[in-house]
Amino acid sequence: MNEAHPALAEDALAALASPDVQRQAARMAQDAFGQAFRLTLTADDAGRREGIDKIAAQLRNWARAGDGDEARSLRLALLVSGMDQWGLAYAQAFEIAALPGLTELLGGLRTELDERQEADFERKFAALQAAETNGVDFKVELRRGIHLALWHAMIASEEEVEAKRILNSLGSMMLALIQTMPQVGWRLVADALAHIQIRCLAEALAGEGLARETTEGLFGALSQALPKETRDKVFAYSTQAVLAWQQARRQPAPTAH
């Protein structure tokens, strides 16, 4: 985090899930959601259930690899929280009424819990929400994935109505994040904006047409909607990240001896 801004409170969950484990949980939640989403769209009922069972088994095995009951409960809470947030984001952005595969997956992960394990899971799930900095590395990785996936969908849209619907949903999500998480939210949004700019520069994306219009529209809408102090922090933070990326690219590769 940038030293120019006040230090964040410590992550109360870091002792049970290291930053690397938290980031891994976010990536696994993203991958599992993607698989469940595809199964919902492409498989028949029997195929979908078979696929969901395989995903659930893999996630359960990873959760059970935690060191002790508390760590195992937290791993499961991270996975469920992550997939739930992916589902909410997609339901909003794409106006999806139901995602049967995701519903079955989330339910399947909890059906095998006994009463004590269910209580432990509920406590860890609540602890994630209890403070902004609890599970902060998970939250950064998760929201970056969600925001970039929606941005990619937006710039890939050929229909203006669809692209602007995603634009409005993504902008609303980012603003809500800043409002509900005053300490961390603006950093998550700044991180996403930086990665969008980096993708544009690295892969020559959103350079023209509707993709460029909606990307500029996202930045413009956030700039208009945010209070000046928050806006300045968000855009300064994202600009610094982009400049750091550009500088790193210019560094000469180390020579072998």
Side-chain angles (χ1 to χ4, degrees), residues 1-14 18-20 22-27 30 81-82 85-86 89 93 128-129 131-155 166-207 211-251:
M1 293 297 178
N2 195 314
E3 293 178 4
H5 301 293
L8 292 173
E10 286 189 12
D11 178 357
L13 301 176
S18 69
D20 283 343
Q22 290 184 28
R23 286 189 285 268
Q24 187 180 5
R27 291 190 291 268
Q30 176 172 351
S81 173
Q85 290 181 62
W86 271 97
L128 270 174
Q129 322 303 325
E132 292 180 48
T133 50
N134 286 356
V136 68
D137 291 281
F138 165 77
K139 291 171 180 174
V140 169
E141 191 80 13
L142 179 75
R143 297 311 305 193
R144 179 189 299 157
I146 291 172
H147 293 149
L148 286 175
L150 292 179
W151 173 71
H152 273 289
M154 181 183 78
I155 66 170
I166 300 172
L167 163 61
N168 291 334
S169 291
L170 181 54
S172 296
M173 283 177 210
M174 289 179 163
L175 290 173
L177 200 58
I178 291 171
Q179 290 167 355
T180 56
M181 300 175 68
Q183 258 195 302
V184 175
W186 70 266
R187 299 169 192 252
L188 303 188
V189 170
D191 173 87
L193 296 182
H195 277 79
I196 287 172
Q197 292 176 84
I198 288 168
R199 292 283 174 88
C200 287
L201 293 168
E203 301 168 37
L205 298 176
R212 177 169 183 165
E213 179 188 338
T214 49
T215 299
E216 290 177 348
L218 176 65
F219 281 73
L222 289 170
S223 180
Q224 284 191 325
L226 291 172
K228 183 181 185 305
E229 182 183 357
T230 307
R231 180 178 68 241
D232 290 348
K233 286 194 298 185
V234 166
F235 285 99
Y237 191 96
S238 63
T239 298
Q240 287 173 3
V242 173
L243 291 173
W245 172 81
Q246 290 176 314
Q247 184 175 2
R249 288 188 91 196
R250 287 196 292 266
Q251 295 295 327

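Each residue takes its place number in the sequence, starting with 1.
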- Do L222 and V234 pass the side-chain contact (heavy atoms from CB on, under 4.5 Å) test, and can you show the C-alpha distance, the side-chain angles, and the key distance before you say yes or no? CA-CA 10 Å; L222 289 170; V234 166; over 6 Å; no
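For the residue pair E132 and G185, the shortest heavy atom distance occurs at OE1-N, 4.1 Å. When all heavy atoms of A89 and M173 are compared, the pair lying nearest together is O-CE, 3.4 Å. Closest non-hydrogen pair, G82 versus L142, comes out as CA-CD1, 3.7 Å. Contact between G135 and L13 at its shortest, heavy atoms only, is N-CD1, 4.1 Å.
Below 30°, between 30° and 60°, or above 60°: for F235 and F219 the angle between ring planes is between 30° and 60°, a tilted geometry.
R212 is linked by a salt bridge (Lys or Arg N to Asp or Glu O under 4.0 Å) to E216, counting only residues two or more places apart in sequence or in another chain. Residues satisfying the salt bridge (Lys or Arg N to Asp or Glu O under 4.0 Å) test with E10, not counting sequence neighbours, are none. Applying the ring pair (Phe, Tyr, Trp, His ring centres under 6.0 Å) rule to W86 yields the partners F33, Y90; only residues at least two apart in sequence or on another chain are considered. Considering only residues two or more places apart in sequence or on other chains, I166 meets the side chain to side chain contact (heavy atoms under 4.5 Å, CB included) condition with F94, L150, A153, M154, S157, E162. S81 is linked by a side chain to side chain contact (heavy atoms under 4.5 Å, CB included) to Q85, F125, L128, Q129, F138, counting only residues two or more places apart in sequence or in another chain.
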Only distances under 3.5 Å count here; give the side-chain donor-acceptor pairs of residues 192-204 to other protein atoms, sequence neighbours excluded, each with its distance to 0.1 Å.
{"from": "H195", "atom 1": "ND1", "to": "D191", "atom 2": "O", "distance (Å)": "2.9"}
{"from": "Q197", "atom 1": "NE2", "to": "L193", "atom 2": "O", "distance (Å)": "3.3"}
{"from": "R199", "atom 1": "NH1", "to": "H152", "atom 2": "NE2", "distance (Å)": "3.0"}

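Here the OG-CE distance, from S169 to M174, works out to 12.0 Å after rounding to the nearest 0.5 Å. Separation of atoms CG (L177) and OG (S172) is listed at 12.0 Å; rounding is to 0.5 Å. Between the CZ atom in R231 and the CD1 atom in I178 there is a gap of 11.5 Å [rounded to 0.5 Å]. Going from atom CG of L226 over to atom CD of Q179 covers 8.5 Å, rounded to the nearest 0.5 Å. Taking CG of L167 as the reference point, atom CD1 of I155 lies at 12.5 Å (rounded to 0.5 Å).
Between the K139 side chain and the N134 main chain, a donor and an acceptor come within less than 3.5 Å of each other. Judged purely by atom type and a 3.5 angstrom limit, D137 has no side-chain atom pairing as donor or acceptor with the backbone of R23. Side-chain atoms of E141 do not come within 3.5 Å of backbone N or O of A26 as any donor-acceptor pair.
Annotation: side chain of H147 is not in contact with side chain of L218 (no heavy-atom distance under 4.5 Å).
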